[in-house]
Amino acid sequence: MDWVVYVALGCGLLGVAYSLITAGWVFKQDAGTKEMQDISSAVAEGAMAYLTRQYKVVAIIAILLFIVMWIAFKSYVPPLGFAIGLVGSALAGFLGMKVAVNSNVRVAAAASKSLPDAMNVAFRGGSVTGIVVTGLALLGVAGFFLIARAANPDPKAIFSALVALGFGSSLMSVFARVGGGIYTKAADVGADLVGKVEADLPEDDPRNAGVIADNVGDNVGDCAGMAADLYETYTVTIVAAMLLAKTIYGMASTAFFLPLFIGGVAIIASIIGTFFVRLSRTKAEKDLYIMGALYRGLAVSGILAAIFFYIVARWLPVGAPETGMAFIISPLRIFVMALVGLALTGLIVIITEYFTGMYGPVKYVANASTTGHGTNIIAGLAIGMMSTVLPILVIGLAVLVSYWLGGGFSGSPNTGLFGIAVTVVSMLSMTGMVVAIDSYGPITDNAGGIAEMANLSEEVRNRTDPLDAVGNTTKAVTKGYAIGSAALAALVLFAEYTRALEEVGKSVSFTLDNPKVLFGLLIGGIIPYFFGALTMLAVGKAAGSIVDEVRRQFREIKGLKEGVPGVRAEYARCVDLVTAAAQKQMILPSLLPVLIPLIVALIPGLGKEALGGILIGSIVVGLFLAIAMTSGGATWDNAKKYIEDGNLGGKGSEAHKAAVTGDTVGDPYKDTAGPALNPVIKVVNMVALLLVPWVA
């Protein structure tokens with residue numbers, strides 16, 4: 001079955017080639033005036049300075065873990081996999097950020113021509129990030145599998161190597177999400193509190209010393225962070241599905257290679273889908289048409305993927321032919337499982353957009369702002385909690401359907417679990433297009449900021465503003481997708497944890513009448529809340545330093561607040577402050593999902609039962625908390641934008657001031673704590689899988 005691995009490698013290379021060619025096209029576009037380029041350069045320098053410092057911190061921790069793993073496994077292969085996973089995730093984040101900071105100024109320049117031109121540049125820039133994430137991830141998994149098998153063909157050795165690969169990508173993702181999230185929201189909150197609330201300045205006003213740091217944050221948080229996050233989720237999901245197939249069918253079976261084949265053909269579908277994202281020049285310049293263009297690309301990718309999945313299911317029937325096994329799951333059922341994953345993607349997108357777009361929930365929070373700050377906060381919290389209901393129901397239904405399709409309710413629970421894995425791989429196969437739509441958001445956000453700071457015409461802002469408004473919703477939608485896929489990936493990892501214990505003769509039943517399991521459940525539930533608290537506190541502390549600095553500059557720099565020509569804010573000072581704060585504050589929360597399961601698993605008398613409980617508790621609590629935070633935060637954000645569009649009194653009204661307060665609370669919810677929970681729950685599971693040989 002090596003031909004499947006080589007197909008996956010070829011598809012991964014195709015994805016990387018597409019990204020390089022598209023990036024070259026983006027970089028050739030007009031970069032605007034010298035002033036625009038100077039602003040863009042300042043953002044790029046700040047983003048690069050941040051990532052450089054972050055990667056230095058992560059490198060120190062990674063080297064220590066590399067040495068520990070080499071000693072523990074007595075082999076270089078698992079630590080090599082750890083390093084490849086970590087570097088791959090970091091590279092995905094770096095490339096995403098690099099393209100974004102070079103696209104924003106070109107979008108602003110294109111907006112001086114037309115909205116379709118600006119839209120085209122923005123999405124092409126985002127598509128580079130999206131496709132390169134899936135391309136690199138597939139290259140990493142398929143390529144490292146060949147390396148690991150050549151080094152030691154023993155299935156147990158390959159198991160450890162692939163788990164280490166997933167662990168490396170997960171760990172880097174946590175640091176990228178936490179550090180980038182702290183940076184972006186500390187800068188955003190700090191700049192808004194002084195600029196909008198105290199000084200009554202427009203967003204991205206050049207007099208505000210925090211605006212460059214805010215724009216840097218969009219790139220290191222939303223672009224680099226999301227790219228690293230979904231690279232990790234994509235990698236971990238394929239690894240988990242392959243390992244589960246190994247346990248159930250054996251490593252020589254077609255089932256083991258099926259996830260690679262699905263991922264490979266989906267990259268081709270996503271590449272084709274990007275060419276369908278076009279904005280008609282004859283349509284009115286409205287948000288609806290912009291969102292429709294983006295979703296058209298997603299729909300085309302999904303339809304093509306479904307066609308390819310049918311072909312894959314016919315070519316690669318599960319359980320045959322090398323092993324001589326019966327067709328445990330028919331090709332038709334495999335195809336339907338894949339369709340369930342695609343349908344789940346669509347449903348998560350629709351549900352998240354309803355709660356975060358300009359619909360009933362957002363308008364409800366906006367109306368609550370007319371009666372004060374407190375009612376705005378109450379409404380936002382309530383909508384955030386309510387937003388968990390429908391996603392949980394559709395995820396639960398997808399789990400049941402895919403388990404049934406796999407024969408789980410017909411006396412074959414193991415194949416039922418593999419059915420869930422196929423559904424999750426299918427859902428994650430859309431990562432390329434989803435990340436492209438997500439990265440479009442911060443690119444357009446920065447483009448609007450550059451247009452404001454460079455004093456471009458109102459016509460340009462009238463074109464970048466609707467692009468930015470749609471980008472705000474797409475960022476929320478893709479976070480919902482990331483959370484849903486992360487939860488399902490974690491379920492597959494938990495299933496593999498139980499199967500791995502059985503393989504080494506340590507099987508256990510996780511029931512609530514076992515106090516060890518109950519203890520683990522409680523500890524697992526603590527992790528998301530403790531992690532969320534630490535990241536929220538970190539944002540508050542860092543934002544406070546930005547507030548103090550912006551106030552100082554207004555006080556001490558004569559003519560700055562009044563906008564005297566030639567007087568400029570000291571942007572670099574704010575960038576340095578928030579960079580240092582993010583690096584300092586990210587270490588403890590990022591290490592929590594590694595240290596807590598490790599400590600509990602090694603306590604005498606607790607072992608595998610408590611560790612399994614931790615996995616269950618972290619998945620369930622983390623899923624609910626992440627959805628509530630990301631959807632609730634985006635609802636607060638768009639409620640503010642709804643008022644700023646001229647509704648309920650518009651900018652400067654009492655309702656607007658209350659909405660700004662809600663948005664300030666929602667910022668670290670939706671861009672720091674909430675999305676960072678995605679890799680957290682998977683790191684916990686990866687650590688558990690690594691501990692299987694030693695857990696008592």
Side-chain angles (χ1 to χ4, degrees), residues 1-23 84-85 88-89 91-92 95-96 126-149 162 165-166 169 227 230-242 245 254-276 297-298 300-316 334-335 337-338 341-342 345 421-422 424-436 485 489:
M1 299 302 298
D2 280 1
W3 67 270
V4 178
V5 182
Y6 294 124
V7 167
L9 287 171
C11 291
L13 287 171
L14 179 64
V16 173
Y18 166 88
S19 297
L20 293 175
I21 293 170
T22 306
I84 290 174
S89 184
L91 182 59
L95 292 175
S127 71
V128 173
T129 305
I131 303 301
V132 82
V133 163
T134 51
L136 287 175
L138 204 57
L139 284 174
V141 176
F144 181 66
F145 166 73
L146 294 176
I147 294 172
R149 190 181 61 180
L162 289 176
L165 175 75
S169 63
L230 280 172
Y231 172 96
E232 173 263 344
T233 302
Y234 189 94
T235 298
V236 166
T237 300
I238 291 181
V239 166
M242 291 174 68
T254 54
F256 181 78
F257 297 94
L258 183 63
L260 289 174
F261 209 172
I262 290 176
V265 298
I267 288 180
I268 299 174
S270 294
I271 290 174
I272 296 173
T274 63
F275 294 101
F276 286 83
L298 181 61
V300 169
S301 297
I303 292 169
L304 289 174
I307 296 171
F308 293 158
F309 292 164
Y310 179 78
I311 298 172
V312 168
R314 300 296 300 182
W315 280 1
L316 218 63
I334 289 290
F335 173 61
M337 291 170 192
L342 295 176
T345 298
V422 172
V424 182
V425 170
S426 171
M427 182 181 182
L428 261 297
S429 70
M430 289 292 96
T431 294
M433 180 57 74
V434 171
V435 174
S485 58

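Note that this is a predicted model, so its numbers are computed, not measured. This chain uses plain numbering: 1 for the first residue, then up along the sequence.
Annotation: side chain of L91 is not in contact with side chain of V132 (no heavy-atom distance under 4.5 Å). In this structure the side chain of L162 reaches within 4.5 angstrom of the side chain of F144, judged on heavy atoms. Using a 4.5 Å heavy-atom threshold, the side chains of V5 and L260 count as touching. Using a 4.5 Å heavy-atom cutoff, the side chains of D2 and R149 are in contact. Looking at I271 and L14, their side chains come closer than 4.5 Å, going by heavy atoms from C-beta outward. The closest side-chain heavy-atom distance from I268 to F308 is below 4.5 Å.
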message: Assess the residue pair L95 and V128 against the criterion (side-chain contact (heavy atoms from CB on, under 4.5 Å)); give the C-alpha distance rounded to whole Å, side-chain angles, the decisive distance to 0.1 Å, and a yes or no.
response: CA-CA 9 Å; L95 292 175; V128 173; over 6 Å; no
task: Any chance you could lay out the side-chain contact (heavy atoms from CB on, under 4.5 Å) test for L146 and L9, step after step, and finish with the verdict?
output: CA-CA 11 Å; L146 294 176; L9 287 171; 3.8 Å; yes
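Between V133 and the options T235, V434, T431, a side-chain contact (heavy atoms from CB on, under 4.5 Å) holds for only T431.
Atom OG1 of residue T233 and atom CD1 of residue I238 lie 11.5 Å apart, to the nearest 0.5 angstrom. Taking CG of L230 as the reference point, atom CE of M430 lies at 13.0 Å (rounded to 0.5 Å). Between I267 atom CD1 and I262 atom CD1 the span is 13.0 Å, to the nearest 0.5 Å. How far CG of L139 is from OG1 of T134: 9.5 Å, rounded to the nearest 0.5 Å.
A perpendicular orientation is assigned to the rings of F145 and F257, their planes being inclined by more than 60° (bins at 30° and 60°).
Without hydrogens or angle criteria, S429 side chain to S426 main chain gives a donor-acceptor distance under 3.5 Å. Not a single donor-acceptor pair under 3.5 Å links the side chain of S89 to the backbone N or O of G85.
A489 approaches T237 most closely through the heavy-atom pair CB-OG1, 3.3 Å. Considering all non-hydrogen atoms of both residues, Y18 and S127 come closest at OH-OG, 3.2 Å. Smallest separation of non-hydrogen atoms from S485 and L428: CB-CD2, 3.0 Å. Scanning both residues, A338 and F309, for their nearest heavy atoms gives CB-CD1, 3.5 Å. Across all their heavy atoms, F335 and A306 have their closest contact at CE1-O, 3.1 Å. Considering every non-hydrogen atom in both L138 and G263, the closest pair reads CD2-C, 3.9 Å.
Ring to ring, F261 and W3 are close: their centroids are under 6.0 angstrom apart.
In this structure T22 satisfies the side-chain hydrogen bond (donor to acceptor under 3.5 Å, both in side chains) test with no other residue, sequence neighbours excluded.
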